[in-house]
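Here is the structure we will look at.
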Amino acid sequence: MTSNNGKEGAAVPAQAKSSWSSFLKSIASFNGDLASLTAPPFILSATSLVEFSSYWAEHPSIFVAPAAEKDPAKRAMLVLKWFLSTLKQQYASRSEKLGSEKKPLNPFLGELFLGKWEDEAGTTQLVSEQVSHHPPVTAYCIWNEKAGVRLQGYNAQKATFSSTINVKQIGHAILHIDEFNEDYLITLPSLHIEGLITGYPYVELNRNSYIQSSSGYTAKIDYSGKGWISGKKNTFSAVLYPEGKEKEPIYTADGQWTDEFTIKDAKTKKVVDQYDPKVTKTTPLTIAPIEEQDEMESRRAWKKVADAILKGDTETAGYEKSIIENRQREMRKQEKEEGREWERRFFKRVPHHKVFEGLAHKLGEQKINEELTNGIWLFDEEKARKALKA
Ligand SMILES: CC(C)CCC[C@@H](C)[C@H]1CC[C@H]2[C@@H]3[C@@H](O)C=C4C[C@@H](O)CC[C@]4(C)[C@H]3CC[C@]12C
């Protein structure tokens, strides 16, 4: 049950087999907080969940492409294309790289992941910050100044166990395009873990998710997987239609989010765009060398833990992790004594988010459940300017 690079059926060491079956027994009764899940060492990842925000823009050219499109319907189609192109990074990149999905490191309050992508799209910047620890919430902002495109959002996860681990994502993302003063609300799909029995877990997305634009277009993405009888892994089918007219689609998109997909004109059935992850390479994210990073930056803060996990040294990983956790406990105690709260570096809590509320209403979504995300989080440009200058 060590990584087998996706080749199932390889010999599994007896010790790993028995710790995996005890793990399976333990998750049947866990309480919904993924952070509290004690996974066997071989399923632990050396990467913190705060890094996952970068999956939104590993193809910067696709991320900024809608800003150059004058036609609003085509623009909405390009936003859908970008969203679909992020799914493989978000939900399958670990199983592809490591042979199976792994349990990420649980970020501490204030943990940061900062970087930028430099390529033909210019500079695209990323800030990701753990804005809450109980419940765990990550907020992020990704922007490309030249193109005038900005994505911001935050998310938490709530897990339940019923045959497998089922995860509901709480939160949303909003893409803003300056040129057209346009916003797109992106809802986050729920997911479940497949392959728990075989010991090579991977993510499958559930039901559907939406993209609602302020310009009056809705995209609905339906997810399906490999059934008992038919169907392929990681399949989706999407429609883009004028708001309220689901039966009158303008574009359709079909394929596998881990593989190729095609976008067609719904009337003429002509292919208008295609995407193949094997052809469209990702741009690597540039981050500061560890020694130049702030002490709150993820790779610097977790270095000793990550090194130990990669070496398979569980004892040292546990010891180094407890140093971080104890320091965090001390900080919270001190803040409580001083009657203050930890100051977030890039985000602020707001009472309402009008853009979200307006677009969510069009989708018939309920209000934001603030309790589940410890508030409504917005990128604070003022704070960011100061923090990035420092
Ligand atoms: C593998 C298993 C045995 C342990 C459980 C791991 C569990 C905590 C992981 C597994 C998949 C993770 C999802 C991941 O697929 C992608 C995303 C998208 C990203 O934008 C936000 C985080 C999220 C939802 C991860 C959360 C942690 C999950 C559920």
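Just the heavy atoms: all of them, side chains too, but no hydrogens, waters or symmetry mates, feed the values below. Whatever order the structure lists ligands and atoms in, that order sets their numbers, starting from 1.
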Determine whether the side chain, the backbone, both or neither of Phe23 has a heavy atom under 4.0 Å from any heavy atom of ligand 1. side chain
What is the closest protein heavy atom to atom 28 (C) of ligand 1, and at what distance does it sit? Leu34 CD1, 4.7 Å
Among all protein heavy atoms, pick out the one at the shortest distance from atom 2 (C) of ligand 1; state its residue, atom name and that distance to 0.1 Å. Ile165 CD1, 4.3 Å
The atoms of ligand 1 lying under 4.0 Å from a heavy atom of Val203, numbered in the order shown, are 11 (C), 15 (O)
Which heavy atom of the protein is the closest neighbour of atom 22 (C) of ligand 1, given with residue, atom name and distance? Gln157 NE2, 3.6 Å
So between Ile43, Thr164, Asn155, whose heavy atom ends up nearest atom 21 (C) of ligand 1? Asn155
Got an N/O contact under 3.5 Å between Gln90 and ligand 1? yes
Among protein heavy atoms, which sits nearest to atom 17 (C) of ligand 1, and what does the distance come to when rounded to 0.1 Å? Tyr91 CE2, 3.8 Å
Establish, from distance only, whether the side-chain atoms of Thr218 and Glu246 form a donor-acceptor pair under 3.5 Å. no
Quick check: does any side chain N or O of Gln212 sit under 3.5 Å from a backbone N or O of Leu359, one acting as donor and the other as acceptor? no
Among all protein heavy atoms, pick out the one at the shortest distance from atom 9 (C) of ligand 1; state its residue, atom name and that distance to 0.1 Å. Pro104 CD, 4.1 Å
Between the candidates His192, Gln169, Arg94, Glu101, which shows the shortest non-hydrogen contact distance to atom 14 (C) of ligand 1? Arg94
Can you find a side-chain donor-acceptor pair between Ser237 and Asp254 that sits under 3.5 Å? yes
Test applied, side chain to side chain donor-acceptor pair (under 3.5 Å); reference residue, Arg332; option that passes from Gln334, Gln328, Glu330: Gln328
Donor-acceptor contact present, side-chain Ser48 to main-chain Glu51, <3.5 Å: no
Proximity winner for atom 27 (C) of ligand 1, if only heavy atoms of Val50, Leu49, Leu37 are counted: Leu49
Lys116/Thr124 under side-chain contact (heavy atoms from CB on, under 4.5 Å): CA gap, chis, key distance, verdict: CA-CA 6 Å; Lys116 52 185 163 200; Thr124 307; over 6 Å; no
For atom 4 (C) of ligand 1, what's the nearest protein heavy atom and its distance? Lys103 CB, 4.1 Å
Can you tell me how far OG1 of Thr262 sits from CG of Asp276, rounded to the nearest 0.5 angstrom? 9.5 Å
With Arg349 as partner, the option from Val131, Asn374, Asp380 fulfilling side-chain contact (heavy atoms from CB on, under 4.5 Å) is Asn374
